[in-house]
Protein chains: 2
Amino acid sequence: MDRLDREILGILQQDARISYRDLGVRVGLSANAAADRVRRMRRDGVIRGFTTLVDPAADSGGGLVVFIDVTLRLDTTNEEFEQQVAKLPGITEVVHVTGEHDYLVRARAADPAALDMLLRRLKRDAGVAQSSTRIALRAATRPPGPAS
Amino acid sequence: MDRLDREILGILQQDARISYRDLGVRVGLSANAAADRVRRMRRDGVIRGFTTLVDPAADSGGGLVVFIDVTLRLDTTNEEFEQQVAKLPGITEVVHVTGEHDYLVRARAADPAALDMLLRRLKRDAGVAQSSTRIALRAATRPPGPAS
DNA sequence: CGCAGTCCCGACCGATATTCGGCCGCGTCC
DNA sequence: GGACGCGGCCGAATATCGGTCGGGACTGCG
């Protein structure tokens, strides 16, 4: 994990389909050396995988994206919650945060009924005491936009 | 955007570096037909780009991830805010949400001083009246994990 | 019917990925 | 010092891939 590795990570985050040859040119290595570093980082878990960013409008097609502020019950540990919430459908992200709530959970639901089910299961199965749900109306996300 | 396109998107989200030949095999097309569909979706904006998922621990290396609840000033329009906030450094995501605040902004900051600067600029340049910041302590995110 | 458009295929060729052997610098051990 | 193993890098050879071309099947339309 030297400076070169970090540079490679930055480039790969912008364009995961770049050829190893071009990658090597941009960091001053041969295609082989660049590919070796990428393979090593994949084996070591530094690189989790290569994924594709899809236009949310085309992807979800009417589904709901929600942010749920969650407060755990006193008898529920963070480990238990994190383990249980991972099993629920539509969970996109779970982050332990500062502030009056314990977690910020991001999820997708096909419709309000699915959201209702998700919230019920959060309370029943994941040890959630209180939740406050905000529905995403519009995503204005851009940076750090990957190369086209 | 038929069923085949959605199937291709799913596969690409799991492994953005798959070869067109393998992609074609998995959806029952030739490499050419599969590549054509990917190129078409790239041109149409359905595919925003290809990126690499990096282990947050190795990536940030001490940086802060924050969630900022934002309320706009009365004299600021949503369009103005979205346009201005995109220019600020470290902004990862901007979502218009329901609830007592207007937007949920996700951002990265190298240290508390950078976060201070970001919040000042939000109020000064982007028309933010009030903000409530929560710092991410730990990300317990998993699904939908891409293939290894 | 002719025609244009769309989607797909097979074949080709230049570019790329992967593997292999080899080189070099480094630290270890005797 | 000298031998050894290790990690990182390179160049060459071979397998694979990506982009392009020509062509076939199908559809809609005048």
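All of these numbers come straight from a predicted model, not from anything done at the bench. Just so it is clear: chains get the letters A, B, ... in the order the sequence lines come, proteins before strands, and each one is counted from 1.
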Open item on the list: Is the distance from the ring center of B:F50 to that of A:F50 below 6.0 Å?
Closed with: no

Whole Å only: how far is the [atom1] atom of [X] from the [atom2] atom of [N]?
X     : N      : atom1 : atom2 : value
B:D5  : C:dC7  : CG    : C1'   : 12 Å
A:R21 : D:dG18 : CZ    : P     : 16 Å
A:F50 : C:dA17 : CZ    : P     : 12 Å
B:Y20 : C:dA17 : OH    : P     : 13 Å
A:D22 : D:dG18 : CG    : C1'   : 13 Å

Open item on the list: Output one letter per nucleotide in nucleotides 5-13 of chain D: B when a protein non-hydrogen atom lies under 4.0 Å from the base, S when only the sugar-phosphate is that close, - when neither is.
Closed with: ----SSBB-

TODO: Output yes when a side-chain donor or acceptor of B:R138 lies under 3.5 Å from a complementary backbone atom of A:V95, and no otherwise.
DONE: no

- [ ] Grab the two heavy atoms, one from A:L104 and one from A:V97, that are nearest each other, plus how far apart they are.
- [x] N-CG2, 4.1 Å

TODO: Evaluate the criterion salt bridge (charged side-chain N to carboxylate O under 4.0 Å, His left out) for residue pair B:E93 and A:R106; output intermediate values, then yes/no.
DONE: CA-CA 13 Å; B:E93 192 172 24; A:R106 183 201 184 109; 2.7 Å; yes

TODO: Kindly write out the residues that satisfy side chain to side chain contact (heavy atoms under 4.5 Å, CB included) with A:E100, not counting sequence neighbours, or none if the list is empty.
DONE: none

Open item on the list: Cation-pi check for A:Y20 against B:R17: NZ or CZ below 6.0 Å from the six-membered ring centre and within 45 degrees of the axis, yes or no?
Closed with: yes

Open item on the list: Would you say B:R39 places a side-chain N or O within less than 4.0 Å of OP1 or OP2 belonging to D:dG19?
Closed with: yes

